[in-house]
Amino acid sequence: MVVGGGIVLLAVGVRVVFLLQMMETPFFLHHFSDTRLYMQLAQDIAFGDGIPRAFFMSPLYPQLVAAVWKLTGNPELWMRILQVFFGAGTVAITMRIAERMFGGWSAVAAGIGAALYAPLIFYDGLLLTESLQTLLLTLHLFFLLTALQRSQWRWWIAAGMTLGLAGITRANVLLFLPVFVLLWMFATQWRGRSSIGHVIVYGAATLVMLLPTTLHNAAREGVFLPVTASFGYNLYAGNNLEADGFYTMPEPVDLYTDPNGAAWVQQHTGREMNATEISAWWRDRALTWMQTHPGDAVSLFLRKVVLFFHPVEIDQLGLSMAFFTEHYGAIPGIPSQLFPVLLILSCAGALPLIRQKDSGWLLPVFLLTFVVANALFFVSGRLRVPVLPMMMIAAAGGVTMVLRIWRERSRDTHAVRTLAAGGVLLGVLLLVVQPPVQQSYAQEYLKMGQIAFEQGSFAVAERRFRASLAEKPTVDGLTNLGNALAAQGRTQEATDMYHAALARDSTAALTWFNLGNLFMQTGSPRRAYAAWEKTLEHQPHLAAAHRNLGLLLYQAGRLEEALRHLETYITLERDTKKRDEVSRDVAGIRAALDRKD
């Protein structure tokens, strides 16, 4: 008990140290990628009109951030403090599971690993779902292990509830429910003392936790959608002609203004669609590619399974650990470079558990299901974080079994020895067959440039945007560099950057929008009008383009057209103050039209 408490305090301590380290970086208060989307959703929930459509991103995390925001007014600090305790709770539960499965020394080893492993510390300090989901999935494993061993109703209910909550944190984990039911039905040696009633209660408790999201989606769009409408989009982002195992979206979809590609799909198809129809459209594109390229689809799936265990923490859609440590110092704890050791030991510990008839089989089955659930879509270092504590448990168990086998050379340990050796070989094989992966910091430099731009440091922003382009030339990088050059009065260079971006993607709405802004600033309202029209041709729901067009038409005396654009802006703009400012212009236009009549 004393040792366990000390390990939990150690987990809190290193996470607080990292929190202080994070506070000294620009990424503490400035958000990008999924963090930016979660914070926007949280703001809408806490202070806006809520989520007007069916959920696209899993809602539990932004709802929790919204609650913290309303209570404290400082979500960047207090949500991270809460996540320090999420991480400590995960460590405590990890030790309980390891002790139950392998004994006290394994619990200490697994607890120290979970407390000090740098990726777990890192993601407990970011405003992302991983900290919460890791806690929920570790709790779920503990409750389900206890339920199988004790067959008491309360444990089955708790297991179902935590799986359901984890499902509304990231829905693909719900794949475990049918896997568990099928195994319970056909692998009778693994049932233990459980009954069909227990399994029904477990499933029912899981589904009950999905009821609020299901009702929200039905109320907003009249669709049956248990969690989110992201299935089709994410399936296509991981399964298409250009896919490489990570997030790959060939179509020019802007993650910030159109995160589920709804506007792009509706523009492409020429019709209004609800959330399930948009998801189905993306899903059908993915399935069509799979059907026409079955060999490539199978090969890609296997590649993703292997990449899930890549020795480098690869995160292409957020702040990567490698970038952070390179620019802001090492994360306290066990470095991520030791992941190969963790992988080999966890494989050695997980495979022998399959022979256990009570509940030990649950750990390898859940790990395998989680890997498959991610490989169906796309993988990254961040997406494997929730099962790292389970890998710690298996690794600690692997060491325990190896030591026991070394001491006891009996016939009873022969099968365990064989499976453990097979696990070692599997871990080594997963490392040996890893494909080469090139890590890019383009997104991190891009965000640092945007931060400098917001602070008025346009020369610094320019240098960072150029660094982003040196890592990987992108439309976003070229457009942002154009903005930085325009802010420094280098009009021709800015125009060249915008045209270079449009040469890469002529449908880039934000590039057209910024080009229009530049034309307006340099006294070319006709060219600005044409550029903003192009913006709305490719992104009809870009609020700022409607505002700029409306104000330009207002100045030109084209009141009816101006009114239409400004009224559209009011319906699209989330910021109440900005809506109120334009509402005054709308009232003035209506009054002018009334006088004209």
Side-chain angles (χ1 to χ4, degrees), residues 33-34 117-120 122-123 128-130 133-134 137 170 172-173 175 230-231 233-250 286 289-290 293-323 335-347 350 364 366-392 394-395 423-444 471-472:
S33 189
D34 282 1
Y117 191 47
L120 287 169
F122 181 70
Y123 285 102
L128 292 166
T129 63
E130 273 60 41
Q133 191 189 30
T134 303
L137 288 181
R170 183 166 286 124
N172 62 349
V173 301
L175 177 64
S230 61
F231 173 82
Y233 182 88
N234 287 335
L235 187 67
Y236 181 69
N239 298 277
N240 58 70
L241 188 61
E242 299 179 21
D244 60 359
F246 304 109
Y247 175 90
T248 309
M249 176 52 67
W289 177 79
M290 293 178 189
H293 303 82
D296 291 341
V298 172
S299 176
L300 178 61
F301 175 78
L302 294 175
R303 175 185 171 89
K304 287 184 280 190
V305 170
V306 172
L307 283 171
F308 185 91
F309 300 102
H310 198 280
V312 176
E313 293 292 322
I314 300 168
D315 196 341
Q316 59 182 154
L317 288 176
L319 175 61
S320 71
M321 277 188 61
F323 182 88
S336 62
Q337 287 81 355
L338 291 179
F339 180 80
V341 177
L342 173 61
L343 174 60
I344 292 170
L345 290 177
S346 62
C347 287
F366 187 89
L367 283 169
L368 180 59
T369 304
F370 189 89
V371 173
V372 170
N374 281 274
L376 290 171
F377 301 94
F378 48 86
V379 298
S380 76
R382 168 186 153 197
L383 295 178
R384 74 182 177 201
V385 166
V387 293
L388 288 177
M390 300 178 201
M391 293 181 68
M392 295 289 177
V424 170
L425 290 174
L426 175 61
V428 171
L429 180 64
L430 285 170
L431 293 169
V432 168
V433 300
Q434 287 292 336
V437 174
Q438 186 174 0
Q439 181 91 319
S440 168
Y441 298 152
Q443 288 297 315
E444 286 86 350
E471 289 280 326
K472 182 180 180 181

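Distance check, rounded to the nearest 0.5 Å: CG of Leu338 to CG of Leu343 gives 12.5 Å. Going from atom OG of Ser336 over to atom CZ of Phe122 covers 10.0 Å, rounded to the nearest 0.5 Å. Atom CG of Asn172 sits about 11.0 Å away from atom OG1 of Thr369, to the nearest 0.5 Å. Between Asn240 atom CG and Phe378 atom CZ the span is 11.0 Å, to the nearest 0.5 Å. Remark: Asp34 CG to Leu319 CG distance equals 12.5 Å, nearest 0.5 Å.
Considering only residues two or more places apart in sequence or on other chains, Leu426 meets the side chain to side chain contact (heavy atoms under 4.5 Å, CB included) condition with Cys347, Leu430. For Val312, the side chain to side chain contact (heavy atoms under 4.5 Å, CB included) partners two or more places apart in sequence, or in a different chain, are His310, Ile314. By the side chain to side chain contact (heavy atoms under 4.5 Å, CB included) test, Ala118 is found to be paired with Met321, Ile331, residues two or more places apart in sequence or in another chain being considered. Contacts of Glu130 classified as salt bridge (Lys or Arg N to Asp or Glu O under 4.0 Å), with partners at least two apart in sequence or in another chain: Arg170, Arg382. For Gln438, there are no side chain to side chain contact (heavy atoms under 4.5 Å, CB included) partners two or more places apart in sequence or in a different chain.
The backbone N or O of Gly295 sits nowhere less than 3.5 Å from a side-chain atom of Ser299 that would complete a donor-acceptor pair.
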Exercise. Given side-chain contact (heavy atoms from CB on, under 4.5 Å), test Phe309 with Leu431 step by step and report yes or no.
Key: CA-CA 8 Å; Phe309 300 102; Leu431 293 169; over 6 Å; no
Practice problem: Evaluate the side-chain contact (heavy atoms from CB on, under 4.5 Å) criterion for residues Thr134 and Tyr123: first the C-alpha distance (whole Å), next the side-chain angles of each, then the deciding distance (0.1 Å), finally the verdict. | Solution: CA-CA 10 Å; Thr134 303; Tyr123 285 102; over 6 Å; no
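Of all non-hydrogen atoms in Leu307 and Gly245, the two that sit nearest each other are CD1-CA, 4.2 Å. In this structure, Glu444 and Ser320 approach most closely via the heavy-atom pair OE2-N, 3.0 Å. Shown here for Phe308 and Val387, the closest heavy-atom pair between the two residues is CZ-CG2, 4.0 Å. Nearest heavy atom pair, residue Pro311 against residue Gln434, reads CD-CG, 3.9 Å. Nearest heavy atom pair, residue Ser440 against residue Ala442, reads OG-N, 3.1 Å. The minimum heavy-atom distance between Gly238 and Ala243, with the atom names listed, is O-CB, 3.6 Å.
Within the structure, salt bridge (charged side-chain N to carboxylate O under 4.0 Å, His left out) contacts touching residues 295-313 (residues at least two apart or in different chains) are Glu313-Arg384.
Ring planes of Tyr247 and Tyr233: tilted class, angle from 30 to 60°.
At least one side-chain heavy atom of Val372 sits under 4.5 Å from a side-chain heavy atom of Phe301. Side chains of Val437 and Phe246 form a contact here, defined as non-hydrogen atoms less than 4.5 Å apart. Looking only at side-chain heavy atoms (C-beta outward), Val298 and His293 stay at 4.5 Å or farther from each other. At a threshold of 4.5 Å between non-hydrogen side-chain atoms, the residues Thr248 and Tyr236 do not count as touching. Side chains of Leu137 and Val173 form a contact here, defined as non-hydrogen atoms less than 4.5 Å apart. Side-chain contact between Leu300 and Asp244 is absent, with no heavy atoms from C-beta onward closer than 4.5 Å. Looking only at side-chain heavy atoms (C-beta outward), Leu342 and Leu388 come within less than 4.5 Å of each other.
Between Phe377 and Phe231, the gap from one ring centroid to the other is short of 6.0 Å. Taking the six-membered ring for Trp and the full ring otherwise, Phe323 and Tyr441 have centroids separated by under 6.0 Å.
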